[in-house]
Amino acid sequence: MKDRHPKKERTFVIIKPDGVQRSLIGEIIKRYEKIGLKLIGLKMGVATPDMIEKHYTIDTEWMRKTGEKTIANYKEKGLKPPSEDPIEITKVVLNNLKKYMTSGPVIIMVWQGAHAVGIVRKITGATEPLTSDVGTIRGDFVLDSYVMSDTDGRAVRNILHASGTVEEAEKEIALWFKEDELINYSTIQEVILYDVDLDGILE
Ligand code: ADP
Ligand code: MG
C-alpha cells in the first residue's frame, strides 16, 4: 500500500438498504464517477449481522470515536446526549446498525483514484443528514438526525457508508472483496487527470 502511486488510492463504499430503496444507486454512482474516480469492484447482496459487526469493529477506535462524535453533536445543538459514556452510546448504535444494514440488499463498491478516501467522504457528507452540507449526497437526499434515531431507538439512516481513512479502506476492502474481484484497468479520462505531459492532445 505504501509504495502505491497516490492516484491508486482506494476506498470502500456501501449503498445502505435505504439508498437502494430510495432508487439512488444511479445517482450515487454518477456522483463518484463524474469527479473522476474509477469503479474497480461492485457487488450486490444482503449482509449478515456478523459481517456488519466485523465491518464496524475493524477500527478498534470506532466505538470511542463514534460515541464522542455523537456526544459533541448533541452538545453543539445545546441538547443533552443520551449518555456521557461514548462506548455505551456506540454499543447501542452497533446493535441498531445490524438491524438497519441487514434489512435489505446493499451495493458494495471499491472506487480508485487520487485522494479516493477524502474525495468520497467529501461528496458523501457528514454522518448526520440534518447537518451534512448541502450538495453532498447525505445533505441532498435524506433528512434523518440523531434526535430522530434516538427517539425511535434505531440507527441514523444516511444512505451510505464510506471509509474514513486509507487504513480503514484497505481493511474493509479485504473484508468484503477477494483480490480477484477487483479489476485493474485504465480509463480514457485518466490521461487528462493524471498524465504528466499531456502529450497527444494537439494535432
Ligand atoms: P460514518 O458512516 O459517517 O463514518 P460512523 O462511522 O461514526 O459514521 O457511524 C457509522 C454509522 O452508524 C453511521 O453512518 C450511522 O448510520 C450510524 N450512527 C452513528 N452514530 C449514531 C448515533 N449516535 N445514533 C444512531 N446511529 C448512529
Ligand atoms: Mg465510519
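Counting starts at 1 for both ligands and their atoms, in listed order. Because only heavy atoms are used, hydrogens play no part in the values below, and waters and symmetry mates are left out as well, while side chains stay in.
- Side chain of D197 to main chain of D199: no donor-acceptor pair is present (N/O by atom type, distance under 3.5 Å, no hydrogens or angles).
- Counting heavy atoms only, W62 comes closest to atom 9 (O) of ligand 1 of the residues Y74, Y146, W62.
- The N/O atoms of H161, backbone and side chain alike, include none that comes under 3.5 Å of an N/O atom in ligand 1.
- Ionic pairing of E181 and K43 is present here: one or more N-O contacts between side-chain nitrogen and carboxylate oxygen are shorter than 4.0 angstrom.
- With ligand atoms numbered from 1 in the order given, ligand 1 contributes 10 (C) to contacts under 4.0 Å with heavy atoms of Y56.
- Between the side chains of E168 and S163, not a single donor N or O lies within less than 3.5 Å of an accepting N or O.
- Using a 4.0 Å cut-off to heavy atoms of K16, the atoms of ligand 1 that qualify are 13 (C), 14 (O), 16 (O).
- Residue-level proximity to ligand 1 for K69 is carried by the side chain, the only part with a heavy atom below 4.0 angstrom.
- Residue contacts with ligand 1: R121 is included, with a non-hydrogen atom under 4.0 Å away.
- Closest heavy-atom contact between L37 and V120: CD1-CG2, 3.4 Å.
- Counting heavy atoms under 4.0 Å from ligand 1, residue N158 touches it through the side chain alone.
- For ligand 1, the atoms sitting less than 4.0 Å from at least one non-hydrogen atom of T70 are 20 (N), 22 (C), 23 (N), numbered in the order shown with element in parentheses.
- N73 and K77 are linked by a side-chain donor-acceptor pair at a separation below 3.5 angstrom, with hydrogens and angles left out of the test.
- In terms of polar-atom proximity, defined here as any N/O pair under 3.5 Å, Y100 makes no such contact with ligand 1.
- Taking every non-hydrogen atom of R138 and a distance limit under 4.0 Å, the qualifying atoms of ligand 1 come out as 1 (P), 2 (O), 3 (O), 14 (O).
- With 3.5 Å as the limit, one finds no donor-acceptor pair spanning the side chains of T66 and Y56.
- Among I14, V93, L97, the residue whose heavy atom lies nearest to atom 11 (C) of ligand 1 is L97.
- With 3.5 Å as the limit, one finds no donor-acceptor pair spanning the side chains of T136 and K122.
- Residue contact check for ligand 1: G164 places no non-hydrogen atom closer than 4.0 Å to it.
- Listed by number with element, the atoms of ligand 1 under 4.0 angstrom from any heavy atom of S149 are 24 (N), 25 (C).
- At least one donor-acceptor pair under 3.5 Å links the side chain of E190 to the backbone N or O of T187.
- With respect to atom 16 (O) of ligand 1, the closest heavy atom belonging to the protein is V156 O, 2.8 Å.
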